[in-house]
Number of protein chains: 2
Amino acid sequence: MIEVRDLKKTYQMGDETVAALAGVSLSFPRGSYLAITGPSGSGKSTLMNILGGLDRPTSGQYLFEDEDVSHLDDDGLAHFRNQRIGFVFQSFQLLPRYSALQNVELPMVYAGIEVKERRERAAEMLAKVGLADRRHHRPTQMSGGQQQRVAIARSLANHPDLLLADEPTGALDSSTGKDVMALFEQLNSDGLTVILVTHDANVAARARRRVGFRDGLIVSDEGAKS
Amino acid sequence: MIEVRDLKKTYQMGDETVAALAGVSLSFPRGSYLAITGPSGSGKSTLMNILGGLDRPTSGQYLFEDEDVSHLDDDGLAHFRNQRIGFVFQSFQLLPRYSALQNVELPMVYAGIEVKERRERAAEMLAKVGLADRRHHRPTQMSGGQQQRVAIARSLANHPDLLLADEPTGALDSSTGKDVMALFEQLNSDGLTVILVTHDANVAARARRRVGFRDGLIVSDEGAKS
Ligand SMILES: Nc1ncnc2c1ncn2[C@@H]1O[C@H](COP(=O)(O)OP(=O)(O)OP(=O)(O)O)[C@@H](O)[C@H]1O
Ligand SMILES: Nc1ncnc2c1ncn2[C@@H]1O[C@H](COP(=O)(O)OP(=O)(O)OP(=O)(O)O)[C@@H](O)[C@H]1O
Ligand SMILES: [Mg+2]
Ligand SMILES: [Mg+2]
């Protein structure tokens, strides 16, 4: 079970306040498959960053299987992220001077996986996203959609418990997008909890539960709650 | 009239050759409205970069209203870009330490527009994309979709002849995406030539002509040719 209670995230810029999250409460069991939708600027990435331990809320609580993530210190948060979370960023965040293989290996380096195993797993993940023949190329030598797929491969490298995918098919053509969604669904069948943000109604329709955001709040919640 | 003849773009990496464009020929008159589609890695951004004077082909010709862009030197290419082309990049390419307003002003600075006029025009363009209240914020203080809209505002700042928009709605929710498309169509009615790359079938359907890519070649060309 993963639960957030009355999360707020506020940005202060001089006299101005922006409420990215205005009080979000949500719970879901392991193995869930959620799609988060909503207008631009409604708080989706902000929630994703908090769930992934990449940001802290201004106030509120985040419980991950009874562990209070809100109270972890920086080292604890880094460990939580590396061991349990796979993240596909909206802007990919690949390291431009590393090859695709090295980008996918990186989470495994931090997790202490030894070189032979991590090389094999990175190559395997790149093959799953159709990039086996590109593993020695750098992100600057790839198209937008190819970069997105490297980011997807990297997110899965450490066998995470929770996959947070922020717009994971935005740069992909329809056929490649379907392949990626099929991969996510297979992993969800195997136990991975999947939360994705998407503007694509077809992608959202594939999730078992759809949570809608507006102005930093959840305004709709449809589908299976358990 | 804009014409490209047998464009090739080849990347050499050690022993490996990647043909991003394998011989593309295309012509279209001023005022056209084209959508370019195709799988990830099929050459769409590569063509867009060449059309926008941001890259050079390995071979082939590019004529923009009888001017041979292929033979311009670097200064000539920079002038061509700044004076005639508006570009929405797939990865936005905003300057992170500049405000939205300053990002939109930048093409006008290069074009020598004086400060009062360019400030007014930048504010006007940001209002057109629904970001009037965010003009003093930096890209790092914005969501993905908000950043995309700043990029769109910037592309229109210099009243270009040709708008090249690479995945201009990928980060936008459906409603905001429709507003942007309506803006492009209004500008096209007023004479702007619009070429956009999109993975979204709904967006492609709004264009008057649809050109399909695969493996660095044009494989389909439907709709109005004039
Ligand atoms: N700088 C580069 N060096 C080497 N190869 C490159 C470079 N830029 C692009 N390529 C390759 O050229 C091919 C075409 O790339 P391009 O970016 O034009 O594709 P695209 O159709 O825009 O794809 P997407 O839909 O994923 O954005 C791809 O195989 C890509 O990996
Ligand atoms: N670092 C920041 N500083 C200030 N404001 C921010 C910051 N990050 C996000 N915001 C603001 O918080 C709000 C929510 O942003 P968020 O990125 O969560 O939206 P989103 O729903 O992911 O939007 P999109 O669909 O465009 O990606 C927006 O108004 C955004 O401008
Ligand atoms: Mg976002
Ligand atoms: Mg592209």
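Numbers restart at 1 for each chain; the letters A, B, ... are given by sequence-line order, proteins then strands.
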_How long is the straight-line distance from CG of B:Leu196 back to CG of B:Leu163, given to the nearest 0.5 Å?_
8.0 Å
_Could you tell me if A:Ser25 and A:Asp6 have a donor-acceptor pair between their side chains, going purely by distance under 3.5 Å?_
no
_Under 4.5 Å from any heavy atom of chain B - which part of A:Gln90_ = side chain
*Under 4.5 Å heavy-atom distance to chain A, tell me which part of B:Ser40 shows up: side chain, backbone, both or neither.*
both
*Most heavy-atom pairs under 4.5 angstrom with chain A, which of B:Ala20, B:Ala171, B:Gly170, B:Gly130?*
B:Ala171
*asked:* If we define contacts as heavy-atom pairs under 4.5 Å, which of A:Gly38, A:Ser143, A:Gly43 has the most with chain B?
replied: A:Ser143
*Given a strict heavy-atom distance threshold of 4.5 Å, which part of B:Arg138 is in contact with chain A: side chain, backbone, both, or neither?*
neither
_A:His137 portion near chain B, given a 4.5 angstrom heavy-atom threshold_ = side chain
_Heavy-atom proximity to chain A below 4.5 Å, by part of B:Gln141_ = side chain
*With a 4.5 angstrom heavy-atom cut-off, could you sort out which part of B:Glu16 is near chain A: side chain, backbone, both or neither?*
side chain
_With chain A as the partner, which of B:Met13, B:Glu167, B:Gln146 has the greatest number of non-hydrogen pairs under 4.5 Å?_
B:Met13
*Given B:Phe64 and B:Leu162, is the side-chain contact (heavy atoms from CB on, under 4.5 Å) satisfied, shown in steps?*
CA-CA 10 Å; B:Phe64 189 101; B:Leu162 172 62; 3.7 Å; yes
*Going by atom types alone, do A:Arg208 and A:Asn188 pair a side-chain donor with an acceptor below 3.5 Å?*
yes
_Just by distance, no angles: are the side chains of A:Thr46 and A:Asn49 close enough, under 3.5 Å, to form a donor-acceptor pair?_
no
_Under a plain distance cut-off of 3.5 Å, with no hydrogens placed, do B:Gln12 and B:Thr17 share a side-chain donor-acceptor pair?_
yes
*If the plane angle is over 60° it's perpendicular, under 30° parallel, otherwise tilted; pick one for A:Phe87 and A:Phe89.*
parallel
